[in-house]
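I have placed the structure first, in the form of C-alpha cells, so that the comments after it can refer back to it.
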Amino acid sequence: MPELPEVEVVRRGLEAWVCGRTVDRVEVLHPRAVRRHPAGAADFAARLTGQRLGPARRRGKYLWLPLETAGLSVLAHLGMSGQLLVQPEDAPDEKHLRVRVRFTDDAGTELRFVDQRTFGGLSLHDTVPGSDEGLPEVIAHIARDPLDPAFDDAAFHTALRRRRTTIKRALLDQSLISGVGNIYADEALWRSRLHYDRPTAALTRPRTAELLTHIREVMNEALAVGGTSFDSLYVNVNGESGYFDRSLDAYGREDEPCRRCGTPMRRRPWMNRSSYFCPRCQRPPRVRPGGPSGVPAQ
C-alpha cells in the first residue's frame with residue numbers, strides 16, 4: 001500500500017490542480033468506490049455537487065479535501081491500487097475508472113478516481129469541530145506523522161517505552177505514528193541499525209531520536225523523487241511513477257549485499273508481510289535465558 005511519501009505526492013498534485021475549484025457534476029461509476037459513504041452513491045454525488053474544494057490535506061496515509069462551506073471533507077483512501085488523476089475532460093476513460101468529478105470552470109480538466117482492485121474509495125465526513133484543517137472525524141484517532149511540524153518527538157518516545165511491543169510493530173501502529181508502512185520502516189530500521197524485533201522498552205531517548213531522524217530522512221528523499229513505485233499502480237495526479245525504488249537499501253534486497261558491510265541481506269516472514277534486514281548490522285535482540293520472550297539481556 002502507498003505510504004506517506006506516495007500519498008504526499010498525490011496531495012501536492014491535488015493542491016496544484018484541484019484546490020479552489022467548484023464541483024459541477026459527480027459520476028459514481030462503481031458503488032464500491034463510495035462504500036465508506038453510508039448514504040450511498042447518489043447522496044455522495046448530490047452533496048458534493050456545487051461545493052468549492054479547499055486546500056488538500058494529509059495525515060499519514062489518508063488525504064482529504066475540505067469543502068469550504070459545508071463542514072464536510074472528501075476523504076480519500078487509495079488502498080492498494082487507488083489513483084487520483086487530473087485528466088483532460090476529453091481523455092479516454094481509464095479501464096478502472098470509478099468516480100469522475102467535473103468542475104464549473106473552463107480549465108478543461110477533471111478529477112478521476114481510478115482503482116483496479118477497488119480496495120480504496122472516496123467518502124464524505126463531518127469534520128472535527130474547530131479543526132482548521134477540516135480533519136474528518138472518522139480519522140481523528142490517527143496519529144500525526146513524523147513530517148508534521150506538530151509531531152511531538154518526546155511524547156512519541158514515552159509512548160514507545162510504555163507500549164511494550166517491538167519496534168517495527170510500533171512503527172506500523174497508525175495510532176502511535178502515522179504514514180510509516182512496511183517499506184519505509186525497513187529502510188529507517190536499516191539506517192538506524194535496529195532489528196525489527198527490538199523491544200521498544202529498551203530504546204533510549206537518543207536511539208528514538210536517531211530513528212526519527214532516519215524516518216524523516218528516508219521519507220524526504222523518497223518525496224524528492226516522487227515516492228516508491230514498484231508497478232504502474234502508484235502514480236501522481238499526472239500518471240507519473242516515482243523512482244525511489246532504485247535507492248532502497250533494505251526493502252526487496254534479499255540476498256543482495258548490504259550497502260554498509262557487504263553481508264547478504266535477509267528476508268523473514270513477518271505479520272503477513274516480509275521484513276528485510278542485514279543480519280550483521282541489525283543483530284536480533286538477545287533474550288535472557290529462561291526469561292520471557294522479547295526481554296533483552298542486560
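- Of the possible polar contacts, one joining the Glu187 side chain to the Asp249 backbone as a donor-acceptor pair under 3.5 Å is found.
- Taken together through direct or relayed side-chain contacts under 4.5 Å among Ile, Leu, Val, Met, Phe, Trp and Tyr, Tyr62 and Met80 form parts of separate hydrophobic clusters.
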message: For a side-chain contact (heavy atoms from CB on, under 4.5 Å) check, start with the C-alpha distance between Gln51 and Glu68, then their side-chain angles and the critical distance, and finish with the verdict.
response: CA-CA 7 Å; Gln51 297 292 337; Glu68 291 196 343; over 6 Å; no

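- Clustering ILVMFWY residues whenever any of their side-chain heavy atoms sit less than 4.5 angstrom apart, transitively, puts Val28 in the very cluster that holds Leu124.
- With values rounded to the nearest 0.5 angstrom, Arg216 atom CZ is found 7.5 Å from Leu147 atom CG.
- Among pairs with a residue in residues 138-158, those fulfilling ring pair (Phe, Tyr, Trp, His ring centres under 6.0 Å) read Phe151-Phe156, at least two apart in sequence or across chains.
- Minimum heavy-atom separation, Pro146 to Met219: CG-SD, 4.2 Å.
- Side chain of Ser178 to backbone of Gln174: no donor-acceptor contact under 3.5 angstrom is found.
- Met265 and Tyr251 end up in different hydrophobic clusters when Ile, Leu, Val, Met, Phe, Trp and Tyr side chains are linked at under 4.5 Å.
- Pairs of residues two or more places apart, or lying in two chains, that qualify as ring pair (Phe, Tyr, Trp, His ring centres under 6.0 Å) and include a residue from residues 20-59 are His37-Phe44.
- Salt bridge present: Lys168 and Asp186 bring a charged side-chain N and a carboxylate O closer than 4.0 Å.
- Asn182 contributes a side-chain N or O that, together with a main-chain N or O of Ser274, makes up a donor-acceptor pair within less than 3.5 Å.
- One hydrophobic cluster, built from ILVMFWY side chains closer than 4.5 Å, cannot hold both Val7 and Leu75; they sit in different ones.
- Note that CG of Leu48 is 6.0 Å distant from CG of Leu67, once rounded to the nearest 0.5 Å.
- A donor-acceptor distance shorter than 3.5 angstrom exists from the side chain of Thr200 to the backbone of Leu160, with no hydrogens or angles considered.
- From Cys278, atom SG reaches atom CZ of Arg260 across 6.5 Å, with rounding to the nearest 0.5 Å.
- Between the side chain of Arg267 and the main chain of Tyr276, no donor-acceptor pair closer than 3.5 Å is present.
- Considering CG of Leu97 and CD of Gln87, their distance stands at 9.5 Å, rounded to 0.5 Å.
- Under a 4.0 Å N-O distance rule, the pair Arg11/Glu133 does not qualify as a salt bridge.
- Nearest heavy atoms, Ala33 versus Arg98: CB-CB, 3.6 Å.
- There is no path of hydrophobic side-chain contacts, each under 4.5 Å, that joins Ile139 to Leu65.
- Between Ile142 atom CD1 and Ile177 atom CD1 the span is 12.5 Å, to the nearest 0.5 Å.
- In this structure, Gln282 contributes its side chain and Leu194 its backbone to a donor-acceptor pair below 3.5 Å.
- In this structure, Arg161 contributes its side chain and Leu203 its backbone to a donor-acceptor pair below 3.5 Å.
- A salt bridge is absent between Asp115 and Arg32; no separation between the charged side-chain nitrogens and carboxylate oxygens falls under 4.0 Å.
- Taking both residues in full, the closest heavy atoms of Thr127 and Gly134 are given as CG2-O, 3.2 Å, listed atom of the first, atom of the second, then distance.
- A donor-acceptor distance shorter than 3.5 angstrom exists from the side chain of Ser131 to the backbone of Leu135, with no hydrogens or angles considered.
- Expressed to the nearest 0.5 Å, how far NE2 of His195 lies from CZ of Arg283 amounts to 11.0 Å.
- When all heavy atoms of Arg112 and Pro92 are compared, the closest pair comes out as NH1-O, 3.0 Å.
- Between the side chain of Glu3 and the main chain of Gly181, a donor-acceptor pair closer than 3.5 Å is present.
- Under the 3.5 Å distance criterion, the side-chain polar atoms of Glu110 are left unmatched by any main-chain donor or acceptor of Phe103.
- No side-chain N or O of Ser192 forms a donor-acceptor pair with one of Arg198 less than 3.5 Å apart.
- More than 12 heavy atoms of other residues, nucleotides or ligands shown are found within 6.0 angstrom of CZ on Arg163.
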